[in-house]
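The block underneath contains the structure these notes are about, expressed in structure tokens.
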Amino acid sequence: MDRTIVALLYDFDRTLCTQDMQNYAFIPSLGMAPGDFWAEANAFGRREHMDGILAYMYTMIRKSRELGVPLTRQSLNRCGRSISFFPGVTDWFDRLNRYGALLGVEVEHYVISSGLREIIDGSAIAGAFKEIYASEFYYDGEGRPVWPKLAVNFTAKTQFVYRINKGVLDVADDRTLNDSMPDDSKRVPFTNMIYLGDGLSDVPCMKMMRAYGGQAIAVYQAVNREGVERLLRQRRVDFIYPADYREGTELEITVKRIIRRMAVSHQLSEEHAGQLRRIRPS
């Protein structure tokens, strides 16, 4: 029997950490308040009719140059050390991995974020993920950002769900991603996926989960609870919970129940297929 793989897909900002990842260290290094930085980046994007993710990435480069603040891959990695996570996040992944192992399930974790990979890579939980899909700079020989390597806006997030589904994780490999592949040969069926996010930016991925048989969960803080409740009323998500990942919380209990259900469903499907193979044509 094939080993069951269950994939948990996470947004990052305000899903695993408490605010936008740039707010912890990068924006303060500019001597700016987060609200001022984002207002400037968003106004620039609207004025230039630019994608919002590209607009904030450009604004990071421009403000750093204007203010004489060094901006390198290493400096962004160091920013990741300042990230503050929701309760229970740092040991969440190991707990679910151990639970999955008891059920004969391989649990994998992925990030799909509009934030910066360089900052995530420097965080305390970077090693928990099989792959991190996030916006990223291309750097010159001196380690300075010169061009966007990847920009992950809200609708672009869905392509990475397909990559995880097919097991084509290399973002440079579009040929294999677009090849036709029978559903029963895809590495992680949509029915074995759980997406966790915090709001409207996650709706495209959440709708995919609900359309293809996966599960969508929205987490909230007090500031966004009303919006998350609206998503539940509109049936854009399956469940909503406070952003509390500690052992024994409703969030953990529900995720473990989903993993158990996915494991049983996969095992029954494998048993059914095995019986069909054993039956000789009459």
Side-chain angles (χ1 to χ4, degrees), residues 10-85 110-127 129 131-160 163 169-174 197-202 204-205:
Y10 306 85
D11 180 36
F12 201 87
D13 295 344
R14 297 180 300 278
T15 296
L16 297 174
C17 64
T18 59
Q19 56 182 318
D20 291 332
M21 64 183 70
Q22 294 87 348
N23 293 3
Y24 295 102
F26 171 74
I27 295 175
S29 77
L30 301 175
M32 298 181 70
D36 294 335
F37 174 88
W38 292 113
E40 184 171 333
N42 293 335
F44 168 71
R46 288 191 296 269
R47 185 172 66 251
E48 299 298 330
H49 305 284
M50 184 184 293
D51 177 88
I53 308 305
L54 292 172
Y56 94 65
M57 294 174 76
Y58 177 81
T59 303
M60 289 179 70
I61 295 175
R62 180 175 58 81
K63 295 300 292 186
S64 295
R65 289 175 178 171
E66 287 178 0
L67 298 170
V69 176
L71 180 63
T72 64
R73 183 190 299 274
Q74 290 72 25
S75 71
L76 290 172
N77 287 162
R78 288 194 294 272
C79 289
R81 301 173 189 171
S82 301
I83 291 177
S84 177
F85 295 102
Y110 297 83
V111 167
I112 306 178
S113 170
S114 295
L116 281 179
R117 173 164 188 155
E118 295 90 322
I119 297 179
I120 298 171
D121 279 343
S123 74
I125 62 173
F129 304 108
E131 188 56 85
I132 296 171
Y133 294 114
S135 302
E136 186 176 0
F137 289 112
Y138 173 75
Y139 296 84
D140 64 17
E142 297 180 1
R144 296 172 301 193
V146 294
W147 197 260
K149 183 176 179 180
L150 185 64
V152 182
N153 64 26
F154 305 154
T155 53
K157 285 185 173 185
T158 57
Q159 73 148 299
F160 304 107
R163 289 191 178 279
L169 303 185
D170 183 353
V171 296
D173 186 357
D174 290 332
D198 69 282
L200 288 175
S201 67
D202 302 298
C205 288

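- A salt bridge links Lys157 to Asp11: one of the charged nitrogens lies within less than 4.0 Å of a carboxylate oxygen.
- In terms of modelled atom types and a separation under 3.5 Å, the side chain of Tyr133 and the main chain of Leu169 share a donor-acceptor contact.
- Checked options Glu66, Met60, Arg65; the residue passing with Arg62 is Glu66 (criterion: side-chain contact (heavy atoms from CB on, under 4.5 Å)).
- At least one side-chain heavy atom of Phe160 sits less than 4.5 Å from a side-chain heavy atom of Val171.
- In this structure, Val69 and Ser29 have side chains that are in contact, with non-hydrogen atoms separated by less than 4.5 Å.
- Side chain of Asp121 to backbone of Asn77: no donor-acceptor contact under 3.5 angstrom is found.
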Take Arg14 and Asp202, measure what salt bridge (Lys or Arg N to Asp or Glu O under 4.0 Å) needs, and give me the verdict at the end.
CA-CA 11 Å; Arg14 297 180 300 278; Asp202 302 298; over 6 Å; no

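- In this structure, NE2 on His49 lies 10.0 Å from CZ on Arg47, to the nearest 0.5 angstrom.
- Taken from CD in Gln22 to CD1 in Ile119, the straight-line distance is 4.5 Å, to the nearest 0.5 Å.
- The aromatic rings of Phe12 and Phe85 sit perpendicular to each other, their planes meeting at more than 60°, with 30° as the lower class boundary.
- Nearest heavy-atom pair across Ser75 and Pro70 is OG-O, 3.8 Å.
- With respect to Glu136 and Arg73, a salt bridge is recorded, a charged nitrogen being found less than 4.0 Å from a carboxylate O.
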May I have the list of side-chain donor-acceptor pairs in residues 52-59 shorter than 3.5 Å, sequence neighbours left out?
residue	atom	partner	partner atom	Å
Tyr56	OH	Ser114	O	2.7
Thr59	OG1	Ala55	O	2.7

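- In this structure, Ile120 and Ala134 approach most closely via the heavy-atom pair CD1-CB, 4.0 Å.
- With no hydrogens or angles considered, a side-chain donor-acceptor pair links Arg163 and Gln159 at under 3.5 Å.
- With no hydrogens or angles considered, a side-chain donor-acceptor pair links Asp51 and Asn153 at under 3.5 Å.
- By the 4.5 Å heavy-atom criterion applied to side chains, Leu71 and Pro145 are counted as neighbours.
- Between Phe37 and Phe26, the angle of the ring planes goes over 60°, which puts this pair in the perpendicular group of the 30/60° scheme.
- In terms of heavy-atom proximity, Ser201 sits nearest to Pro204 at O-CD, 3.9 Å.
- Separating the CG atom in Leu116 from the CG atom in Asp13 is a distance of 9.0 Å, to the nearest 0.5 Å.
- The CE atom of Met21 sits 13.5 Å away from the OG atom of Ser84 when rounded to the nearest 0.5 Å.
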Walk me through whether Phe137 and Val146 qualify under side-chain contact (heavy atoms from CB on, under 4.5 Å).
CA-CA 7 Å; Phe137 289 112; Val146 294; over 6 Å; no

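- Classification of Lys63 and Asp36 as a salt-bridged pair fails, no side-chain N sitting under 4.0 Å from a carboxylate O.
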Before you tell me yes or no, could you show the steps for Trp38 and Asp20 under side-chain contact (heavy atoms from CB on, under 4.5 Å), namely the whole-Å CA-CA distance, both residues' side-chain angles and the distance that decides it to 0.1 Å?
CA-CA 10 Å; Trp38 292 113; Asp20 291 332; 3.7 Å; yes

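- Side chains of Val152 and Ser113 form no contact here, defined as non-hydrogen atoms less than 4.5 Å apart.
- For Thr18, the side chain to side chain donor-acceptor pair (under 3.5 Å) partners at least two apart in sequence or on another chain are Tyr24.
- Donor-acceptor pairing under 3.5 Å is lacking for the side chains of Gln74 and Tyr139.
- Summarising the geometry, atom CG belonging to Asn23 is positioned 12.0 Å from atom OG belonging to Ser82; distances are rounded to the nearest 0.5 Å.
- Evaluation of the salt bridge (charged side-chain N to carboxylate O under 4.0 Å, His left out) rule for Glu131 yields Arg117 as partners, not counting sequence neighbours.
- To the nearest 0.5 angstrom, Asn42 atom CG is 12.0 Å from Met50 atom CE.
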